[in-house]
Number of protein chains: 2
Amino acid sequence: MSRAPNPQLRQALVATAAEVFAEQGLDRARVSDITDRAGTSKGAFYLYFESKEALYLQVARAFLQDLLAHLRAYDDEACSLGAMGPAEERTQELDEKFCAFLWGRRLELRMVLEGAAGTELAYLADEFLDSVVHHMREDIARNVRAHPPLAQVIDAEFGAMMAAGIVYMYARQIIRATTPPDMARQVTRFRQHVLVALCQSLPPTLDASLVAAPLEAKP
Amino acid sequence: MSRAPNPQLRQALVATAAEVFAEQGLDRARVSDITDRAGTSKGAFYLYFESKEALYLQVARAFLQDLLAHLRAYDDEACSLGAMGPAEERTQELDEKFCAFLWGRRLELRMVLEGAAGTELAYLADEFLDSVVHHMREDIARNVRAHPPLAQVIDAEFGAMMAAGIVYMYARQIIRATTPPDMARQVTRFRQHVLVALCQSLPPTLDASLVAAPLEAKP
DNA sequence: ACCTGAACACCGTTCAAGT
DNA sequence: ACCTGAACACCGTTCAAGT
């Protein structure tokens, strides 16, 4: 059961499980792989967890919680799609922080995005991507509210999906890499190029204010 | 074995397998699910296929072959990142054709992108995405060769990855949808906006030629 | 010849028995 | 109390026996 009496062993099982699950996925990981590495018996596993799936879910959920916290922190800053000029350094810093977070949690990232596909927990990957899409949609919408002409060139739904696609492709790199890929710079650079360009392509009367002044942080 | 004598039954097994595999993934699909639906015995399965995995691989490979053919056909047209003006209608037509292809093969799409994750066949998803990335990289590179200043604003590697991310997110929609999502229009619209904007943001001396004239089809 | 289904191996889960 | 490992169920694969 969940409240079993040996917290050391319990913790050892959780830590070992993250490794084994990330390596093998939910279905291929053997309970005995976990218990062997943690130095206990198969039977003991069920003193601490209801099932293999239950432990998988627990580890994945903890990660998704932290992801949400990260995205919300991101939202609280002036990390706006249209942010340029003085705000841009800060934006890049936030991009780097997010990338570092994913890298630091790459075992769980793999569990969520790949290890549960084709199982009852397949929805974990959806939760991850939906969170990112949601965050991006809000981010774009906020900027469009601040600068309505942007609506002419940015479709929030599509833009959010595109951004989530970039995050996903980056996550795949992380999952397979042995040394942290540096992508934050590319992302920031892309955002800058595209958005400077988009702003410049807006009706001339709006050009100056959009390009010259960075968007404000939300109030 | 592969050359077993009842082609009808063999074909029935292949067709049924695609359904069962797409629904349940490689590990959760039971051989008996397939043989029951195809109206034969578990034992018969092994007269036709070496293993469950071998059949999975066969179905997935056929799909990836067709995907490659599609991407190459795409390359043979003037479906250039920078294509605008008269070429744009044709570009949209090609986008729609590609989307229709994925929709028509959504069972296999699901098998490749999700059903094999966490198994020995996980590399199928990599093959899918790598094909798309490769195609996109070539497409961008070809356009940069035709119009060198584009190199200042488009990083081929990053652009290709972004495009593959969009394809992936679209594929997820397809996999979950019950009616074909219309995304070709969004894609074409996005490409148009961003690229018009990017071209306009190039050094003034180059503006006119890039925006006024569509890029040529490759020679 | 082609097919069937009982038998075997593997692994998640349970539980009677040990310490 | 807490843990172990034999036992059971499930499913991929094999194979001796049927038609």
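The sequence lines fix the lettering, A, B, ..., with proteins before strands; numbering per chain opens at 1.
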How many Å lie between CG on B:Leu55 and C1' on D:dT13, as a whole number?
15 Å
Using purine N1 to pyrimidine N3 plus N6-O4 or O6-N4 for Watson-Crick, or N1-O2 and O6-N3 for G-U wobble, both under 3.5 Å, which nucleotide pairs with C:dA6?
D:dT14
Check the distance between C:dT13's P and A:Tyr48's OH and give it to me in whole angstrom.
17 Å
Could you give the distance from CZ (A:Arg172) to CG (B:Leu129), rounded to the nearest 0.5 Å?
4.5 Å
Closest nucleotide of DNA chain C for A:Val31 versus for B:Phe45: which of these residues is on the 5' side?
B:Phe45
Among the nucleotides C:dC3, D:dC3, D:dA7, which one has an atom lying closest to any side-chain atom of B:Leu47?
C:dC3
Below 4.0 Å: OP1/OP2 of C:dT4 and any side-chain N or O of B:Thr40:
yes
Using whole Å, what does the distance between atom C1' of nucleotide C:dG12 and atom CZ of A:Phe49 come to?
15 Å
From C-beta outward on A:Arg30, which listed nucleotide comes closest to its side chain: C:dC3, D:dG12, C:dG12?
C:dG12
Look at the side chain of B:Tyr46 and decide which nucleotide, out of D:dG12, D:dT4, C:dG12, has an atom nearest to it.
D:dG12
Please report the interatomic distance CG(B:Asp66) to CD(B:Glu108), rounded to the nearest 0.5 Å.
8.0 Å
Of the listed C:dG5, D:dG12, D:dG5, the closest approach to the A:Ser41 side chain comes from D:dG5
Can you find a heavy atom in the side chain of A:Arg137 that is under 4.5 Å from one in the side chain of A:Met161?
no
Atom CD1 of A:Ile34 and atom CZ of A:Arg30: how far apart are they, to the nearest 0.5 Å?
11.0 Å
Can you tell which of C:dC3, D:dG12, D:dC2 lies closest to the side chain of B:Lys52?
D:dG12
Please work out if A:Leu9 contacts a base, only the sugar-phosphate, or nothing of the nucleic acid, heavy-atom cut-off 4.0 Å.
sugar-phosphate
How close or far is atom P of C:dC10 from atom CG of B:Asp27, stated in whole angstroms?
17 Å
Which nucleotide wins on minimum distance to the side chain of B:Asn6, given the candidates C:dC3, D:dC3, C:dG12?
C:dC3
Donor-acceptor side-chain pairing of B:Tyr74 and B:Asp95 below 3.5 angstrom:
yes
Does the structure show a Watson-Crick or G-U wobble partner for C:dT19, both distances under 3.5 Å? Name it, or say none.
D:dA1
Within this structure, what is the NZ-to-P distance between A:Lys42 and D:dA7, rounded to whole angstrom?
13 Å
Can you tell me how far P of C:dG12 sits from CG of A:Asp33, to the nearest Å?
8 Å
B:Arg28 CZ to D:dC10 P, straight-line distance once rounded to whole Å
15 Å
To the nearest Å, how far apart are B:Asp36 CG and C:dT4 P?
11 Å
